Every structure is written in structure tokens, then in C-alpha cells.
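One structure below.
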Number of protein chains: 2
Amino acid sequence: MHNAFTPHTSGDLNYLKSLNRSTILSTVRRSPGLSRADIALRTGLTKATVGSVVQALAERGWLREGELHSRGGGRPGRALYLDGERHYMLGAEVGVKGLRLVACNLLGVVLASIHQEEPPTDPATTAKRLAALLVQLRQAPDIVERRCLGLGVAVPGPVSPKAPILSLAPNLGWVDIDFLALLREQPDLPDGVWLLDNEANAAAFGEFYFFEGVPPESIAYISAGSGIGCGVVSGEHFPLVPRGHQGLVGEIGHTVIQPGGALCHCGNHGCAETLVSGWALREALHVDIDASLSNAVQTRAGDGEVQAVMKRAGEALGLLMLNLHHTLNPSMLILGGSLMKLGESLTGPALAYFGTHQNDLLRQSQTVPVKVIGDSTYVAARGAAAQVMARAAIEV
Amino acid sequence: MHNAFTPHTSGDLNYLKSLNRSTILSTVRRSPGLSRADIALRTGLTKATVGSVVQALAERGWLREGELHSRGGGRPGRALYLDGERHYMLGAEVGVKGLRLVACNLLGVVLASIHQEEPPTDPATTAKRLAALLVQLRQAPDIVERRCLGLGVAVPGPVSPKAPILSLAPNLGWVDIDFLALLREQPDLPDGVWLLDNEANAAAFGEFYFFEGVPPESIAYISAGSGIGCGVVSGEHFPLVPRGHQGLVGEIGHTVIQPGGALCHCGNHGCAETLVSGWALREALHVDIDASLSNAVQTRAGDGEVQAVMKRAGEALGLLMLNLHHTLNPSMLILGGSLMKLGESLTGPALAYFGTHQNDLLRQSQTVPVKVIGDSTYVAARGAAAQVMARAAIEV
DNA sequence: ACACTTAGTTAATAGTATTTACTAACCATC
DNA sequence: GATGGTTAGTAAATACTATTAACTAAGTGT
């Protein structure tokens, strides 16, 4: 199984143990600083169970004790935190424009990263390049003495839910690539969990798993770059990413939102990607394929044509957000991807459209919060690392 | 919890037992006639565990033994089936046009049903009507001596995922109704599990749970009636229905597929419901609100205007199916709801549009199968009953 | 009649979380 | 500064789970 977490269907005692261990771990992840007693209260487990599990997790370097609580009353509890010192996870993104790698700790803090701006060529060569960068990354001083939990790789296309295989990467021209197998042929690579996932799914998972602040119930992460995809995550203790029958969940770039509209490279007319995506904007703005889109937009900011194109693209994005709201209904939307570098000119119309249209159905005053990530360079790579952690946590 | 099945987050030994019991039950449901040894092989449980669980389930009237296998080799196994004789579940649909009730057994066979074509008025009166019909239904000869597992109610609008409350039923003018509470005030009602769910979700659950033939991996059930909604189900042993933050998952009738199109009652322009829904078709064809839509379409079948309207509506439905494919990616689509009575004139263009557009993305030869349910009178009610069974199975 | 094979049950075993009783530690008050 | 009250955490005994290993049951083929 390459999923971050696939619930077992039938259970032995081992499964029960691992379930409770993961539950306790995720409780601390989502609410750092709880005491054993707090955890027992929240999870419904007994103090005794929590105590023994916490002890085991502390010995293995997953949890550490912190300061004493001071709530008055009786004996103060001992705060518990994820231990950020003894492990790390590797995450990599094979992007259309280059490779991105991170190593991060259990708290989601990036300990080291590498960003190489050079488009992938063929799968085998790319695997070789990636392997070399991984070796380099693992030599960073703060990493060498830690234990590696595994490696997650994010790729720009749908991954089969049956096996960790990249079905299609339209912008790379790759079809049915077993990228992890290619990677495994390389020397000096880490042990542990190895996972492959779609870039938007990985990003969504990471943003959900390492969310700072009150954790949302579920999120949809819209990745707007060369193409446009979307990842969905929900689940308190075991965040699940729906993938669907062929791994096409969240391929919203190819939902038709303008019947009879422009021809998409997928063969249909009026796909969302014909309105809001890297290649659609380049075409509409006559920007060269290698030139920086955001530079072009900024230098021609006063240009009426540019403003019109951006408004149209932004509203298409807002419409996608609205349709997502009525289809997957996440409790939070996150916008990421390289297109977010275009800033207000894109997000302005998108948020305006979404804001003015979203609440007509239920007539509730509450709005779905939207978070925009300006620089999402390492978001997918870190998300892949997060998936490794989630998977490793059920084994420990 | 009003969900059919909410996985526990932390587990005691009771939970483990119930998990294995449900797993075994669902294995027999999906593959009737397996032996204990077959089940052990499929689930990974040991023969001893399967044996003891099967014994308990047989004593309680959930499983029954059947014929001996004849596979040659050693001692033949004893076929196991769900026991259709000792229990029943009640399911009811509060529809825009009337009330529908079923009682069915563990195999999904409808033992008795009542269909009352009279639109609901206010919630309290409707609850009273429904309660009376339930009493009547339970007096059917094949039902009185059985044990009732509970009651599921399907309603025409989103249900809050937090509590069993109908948030909004636009076609009834109901807002935030605790229908089960109103029902509970009535006399002579059954004990057991009580559930409330959206009509499309209930229908989807039932079609998945009681699927005849090789069970699909996941399905989306599109309910096209006065409005247009959709339910999604996946999960081998514990079918899950995603509901989302506000219960809006599958509200595809309000996805915008024609920007700047006709005004929808939700306030937006170009929602799918403005193209394909009962009220949109009535309006386009100048059919009276109470008259039969299918009669009108059939009598004017040669009419060019009618054909054009139906083609446009059908293609909008096909487009919705396509967008669903790229958003939720179910392994099977099921079309139901009262609009299916319009037959080929609607489904023809829909299937044609979906068929010619669906495979361009992955370029795989496999197509997503589509099943059309012509008469879906009791589909939602039976689905609500199925949810009761799924819920009761984890308690037994 | 016999060996062979597979199905299913039984009793002993290992492992899980819980229960119950305990110790630890802090606070307020006398 | 000792004492009682309160909450946190641990330890040992207990109840319950699924597994293991050995068994019986019931067919087929020679």
C-alpha cells in the first residue's frame, strides 16, 4: 500500500495497538502540550493505556516531555510534544520546472532543502538526478545523526490508487511510470517507507497534517500551476486523501465550466484549464513558454488586455472554488501553486467571485475560509514527507 | 452519531470485536455462499476467529448456513448467507411529491412498501403522517414477528454532518428541521437505530450496499428530480458517505456550468439545475407544476422545441457526469430520480455526451459504467434502510 | 479399507486495554 | 509547617480478544 494510511479491514491485537498509538500521536500533533490525562480524556482511552503508550513513544523518540502545567488544583500534568530531534522524513517533488527536496522533522519544520530549476527529461535520468540530490541533502549537519523514516515523492499527474505508479504526466510526456522502482535502482538511498503521490494530494496532505493553529475539519488544496489540480484531505486522527477509481479525484482542471469554449489539450472544450492555468495565461498574454509569467504580468500591469485576461482567469478560479464547495464541501480552501506568484491580480477576482457567490445556498452567515500560499515552492515536497510520517506512525 | 458508520478513533477490545464482526458480515453480504474457510482467507482472520464470530451471528439471526460446497478435494465447506428471515429495517423518504416507506430484510429485499402521493406540508404534520404509515407498514403479515433494527429517513436537502438535522429543503420551504425529534413525539414507533440523511446519499448508499453482482469499488448516484443532487459511497467493508463540512457534498445541482446563464433560485447564474431539473424542464416546456412531465414530453415527442430542450438538458447531465468523473472519480455512475422516467430523450444525449468525452484524459480504454434506474420510487427509502443495517451490524 | 485433503472446532497461549489500588505532586487552609 | 483535598500518573490484577497448535469431521481417490 502506498497510501499514507489505509484503514485495515479486519483487526488483530497488533492493529488495535497501532490504532491507539497513532491516535495518541495525532492528538499531540494537533494539540501540542497536552498531558497524559488530557489525552485520556479526549481519546476515551484510560490513563493506564495512555501512560504505557506514551512511555513507548518517548523511548522511540516520537514524543518528549515538556514543562509542567499550572492549572491550580491538584498535581500538575506534564506537557507532551512531538520530538523534533530524533527523526526526519524526506520529501521530493518532481515538478514540471524542476526538482524540489526537503528533509523535515516530526513537527513539519524544514531542516534542509534543495531546489534545482531544471525541467525533468526522461524518467530514468530524472530518478538518477533525484537520487544524487537526496544523497547531498542527507549530508546536512542537522540530519546525519537522525533516523530517516522514509521518502515521499510528489509527481505532476494522477497516481493509480492500486499501485504507486504515475499514470500520466501531460506536461512531462510521461505515461505509466513506476518512478519509485527507477529510484530504487540508484545507490545510497534511505530505508523506511517509500510513497508516491500526486503533487496536489501531497500538498493538501502536508498543509492539513502540519496545519498551524486550530486544525480544520477538512481542506481542499487547489494547485494552480502549469495545469490545475486539487487535493482533498479530511480525518482527525487518520487524514485520508480520496483518490477515486483511477486517481482522478481533484482533476478539476478538466471539469468543463464553459461549454463550447476553447479547446483543451485533453480534447474537450471549455475545461477550466483553458481559462486559468500557466499555459492558458501564457497563450492569452503571448508570453514565451520559458519566460516568467509573473514578471510579464507585473511589467504590463497597467495594460487593459492583461487586466481583462487576469480578471477572466481569476473569476474562473473563483468559479472552480465555488463548484468545489458544492461538490466536496471542504471546511477550508487553500490556494497554492506557481500561479499564486501573480498575486492580487489573480486572487483578487477569484476571492471576490467566491465571496459574493458562496453563501446563497445554505444562507448561513459563516463563510468558508480561504488561505492563499504565495510561495509554495516546497509545499508538495513537505506534504510528501508528511505522508511518510503518517505512514510510519502506524508502524513505529 | 447519525452516520451509517463512523470509524472509531481509538479502540478497546469491544471495538476490535465489532470491527471483525462487521467485516465478516460484509464479506458474506458482498459474496454470498462463502464458507468459513473462504472468509478466513479473504479477511486474514484465522479460522478459529471466523468460526466463533459466525456462530454468534448465526445465533442472533444475522447469518444462516446453506448447502455444502462441492469443490472436490477434502471436506466440503458449508455455504453461509445473510439470514433474510429474522430481522427487518424500516426506510422512509420524505419526498417533494409524497411519502414513501419500505421495510426490507438483510438482503435488501423489500418486504412491504407504502407510497402516498401527497406533498408534505409542514414538518410536524408530515411527521404525524409518516408515523401513521409506519404503524400501518409494520402490521404487514411477513413483518410482525421479525425484529426491527431501526428506522432511516431520507429527506430532500442537505443534512448537517454534525447532527441529524435537515438544514434546508428548498422545495418544501423547510429550514433547520429536527425531523427525527418530531417523529419521536409520535406513538407506537420502533426502537433501534434512527438515522436521517439526504435523499441522494441514502439512495447511493442503498445501491452500493445491496448491489447485485460484482460490487463496484465506489459509486456516485445522481438523483435528478425537482432538483439535482448526488451521493457518493466507497469502502469495501464499511461503506462511507462523505458529507463534507456542511453536508453539501454532491450538491452538484448548484455547480455553475454555464457562466452568465439563467438565474437559479439559489441566486447564482448558470447552475446545472437551470438546465437539467424538474423545474427547469417544466419552465422550458411550459408544463404546469402539477402535471406529469413525462406525459407532456411523450405526447409532444415529435415537437422540435421539445427535442431541443431535452437534448440541451441531457447534454448538461452528461457534462455533470463528466465533471463528477474528474472530481470524485467513482468507479460507477448510477442515474436515478424522477427525471429518469423521461427515458431515452434525456439519457440518450447524456450518455452520448459522457461517452464521447470521458476518456480523453487518461487515454485508457476502460470506460466508467453507467447504470440507469428507470423507476427509483423506493430507492432512497431502501437506502435509508440499508444505512440502518450497516449501523446495526456494528452493534449486533 | 486406506491414505489424502480440506473444513471446522477446541483448548491453551499471548497480547491487549481496563479496573482497581496505589503513589506523586501541588494547593489551600488551618 | 503540617494536613486535607485534588489531580496526575503508575503498577498489578483482571477480563477479554485473537492466535496457535492440536484435534475431529467429512469428503475424494486409490
Side-chain angles (χ1 to χ4, degrees), chain A residues 8-25 27-28 31 33-59 63-81 394-396, chain B residues 8-25 27-28 31 33-59 63-81 394-396:
Chain A
H8 297 59
T9 56
S10 65
D12 55 8
L13 292 169
N14 255 324
Y15 166 67
L16 193 59
K17 185 97 190 185
S18 130
L19 185 72
N20 287 338
R21 196 164 45 212
S22 287
T23 302
I24 287 170
L25 220 36
T27 304
V28 176
S31 305
L34 293 182
S35 68
R36 291 164 177 79
D38 295 330
I39 296 171
L41 203 66
R42 291 201 184 194
T43 59
L45 298 166
T46 59
K47 286 194 298 175
T49 304
V50 174
S52 79
V53 171
V54 164
Q55 190 185 2
L57 286 171
E59 279 166 11
L63 290 180
R64 67 173 179 82
E65 293 193 322
E67 80 285 358
L68 285 174
H69 287 171
S70 50
R71 296 190 189 139
R75 168 177 169 180
R78 178 69 68 176
L80 296 170
Y81 298 94
I394 71 171
E395 295 170 359
V396 172
Chain B
H8 297 59
T9 56
S10 64
D12 55 8
L13 293 169
N14 254 325
Y15 167 68
L16 193 59
K17 183 99 190 184
S18 130
L19 185 71
N20 288 339
R21 196 165 44 213
S22 289
T23 301
I24 288 171
L25 221 36
T27 303
V28 175
S31 305
L34 292 182
S35 68
R36 292 163 176 79
D38 295 331
I39 296 172
L41 202 65
R42 291 202 185 194
T43 60
L45 297 166
T46 60
K47 287 193 296 175
T49 305
V50 173
S52 78
V53 172
V54 164
Q55 190 186 3
L57 286 172
E59 279 165 10
L63 289 181
R64 66 173 179 84
E65 293 192 322
E67 80 288 356
L68 285 174
H69 287 170
S70 51
R71 295 188 190 140
R75 168 178 171 179
R78 178 70 67 177
L80 295 170
Y81 298 93
I394 72 171
E395 294 170 359
V396 173

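Hydrogens, waters and symmetry mates are skipped; everything else that's a heavy atom, side chains included, is used. Reminder, nothing fancy here: chain letters follow the sequence lines and each chain counts from 1. Bear in mind that the values here come from a model prediction, so they are computed numbers and not experimental data.
- Of the N and O atoms on the side chains of Ser35(A) and Asp38(A), at least one donor lies less than 3.5 Å from an acceptor on the other residue.
- Between dG8(C), dG27(D), dA18(D), one nucleotide has an atom nearer to the side chain of Pro76(B) than all others, and that is dG27(D).
- For Asn20(B) and dA18(D), the shortest distance from a side-chain N or O to OP1 or OP2 is below 4.0 Å.
- Rounded to whole Å, the distance from CG on Leu19(A) to P on dA17(C) is 9 Å.
- Side chain of Arg78(A) to main chain of Gly66(A): a donor-acceptor pair is present (N/O by atom type, distance under 3.5 Å, no hydrogens or angles).
- Between Arg71(B) atom CZ and dA7(C) atom P the separation is 7 Å, expressed in whole Å.
- In this structure, Asn14(B) atom CG and dT16(C) atom P are separated by 17 Å, rounded to whole Å.
- Within 4.0 Å (heavy atoms only), Thr49(B) reaches at least one base atom of the nucleic acid.
- A straight line from CD of Glu67(A) to C1' of dC26(C) spans 16 Å, rounded to a whole angstrom.
- The separation between Ile24(A) atom CD1 and dG9(D) atom C1' is 14 Å, rounded to whole Å.
- Following rounding to the nearest Å, Asp12(A) (CG) and dA17(C) (C1') show an atom-to-atom distance of 15 Å.
- Nearest to the side-chain atoms of Lys47(A) among the listed nucleotides dT10(C), dA14(C), dG9(D) stands dG9(D).
- For dT10(D), the OP1/OP2 oxygens have a side-chain nitrogen or oxygen of Arg36(A) closer than 4.0 Å.
- At a threshold of 4.0 angstrom between heavy atoms, the contacts of Gly73(B) include nucleobase atoms, whether or not backbone atoms are also involved.
- Counting to the nearest Å, the P atom of dG15(C) and the CZ atom of Arg21(A) are 14 Å from each other.
- Ala48(B) comes within contact range of at least one nucleobase, with a heavy-atom separation under 4.0 Å.
- You won't find any donor-acceptor pair under 3.5 Å spanning the side chain of Arg75(B) and the base of dA26(D), going by distance alone.
- Distance alone, capped at 3.5 Å, places no donor-acceptor pair between the Ser31(A) side chain and the Val28(A) backbone.
- At whole-Å resolution of the value, CG in Leu68(A) and C1' in dC27(C) are 14 Å apart.
- Look at Thr46(A) and you won't find any side-chain N or O under 4.0 angstrom from OP1 or OP2 of dA17(C).
- Checked by atom type and distance alone, the side chain of Ser18(A) never pairs as donor or acceptor with a backbone atom of Asn14(A) at under 3.5 Å.
- Judged by distance alone, the side chain of Ser22(B) and the main-chain N or O of Leu19(B) form no donor-acceptor pair under 3.5 Å.
- Contact check, Ser52(B) against dA18(D): no side-chain N or O comes under 4.0 Å of OP1 or OP2.
- Set against dT16(C), dG9(D), dG8(C), the side chain of Leu13(A) has dT16(C) as its closest nucleotide.
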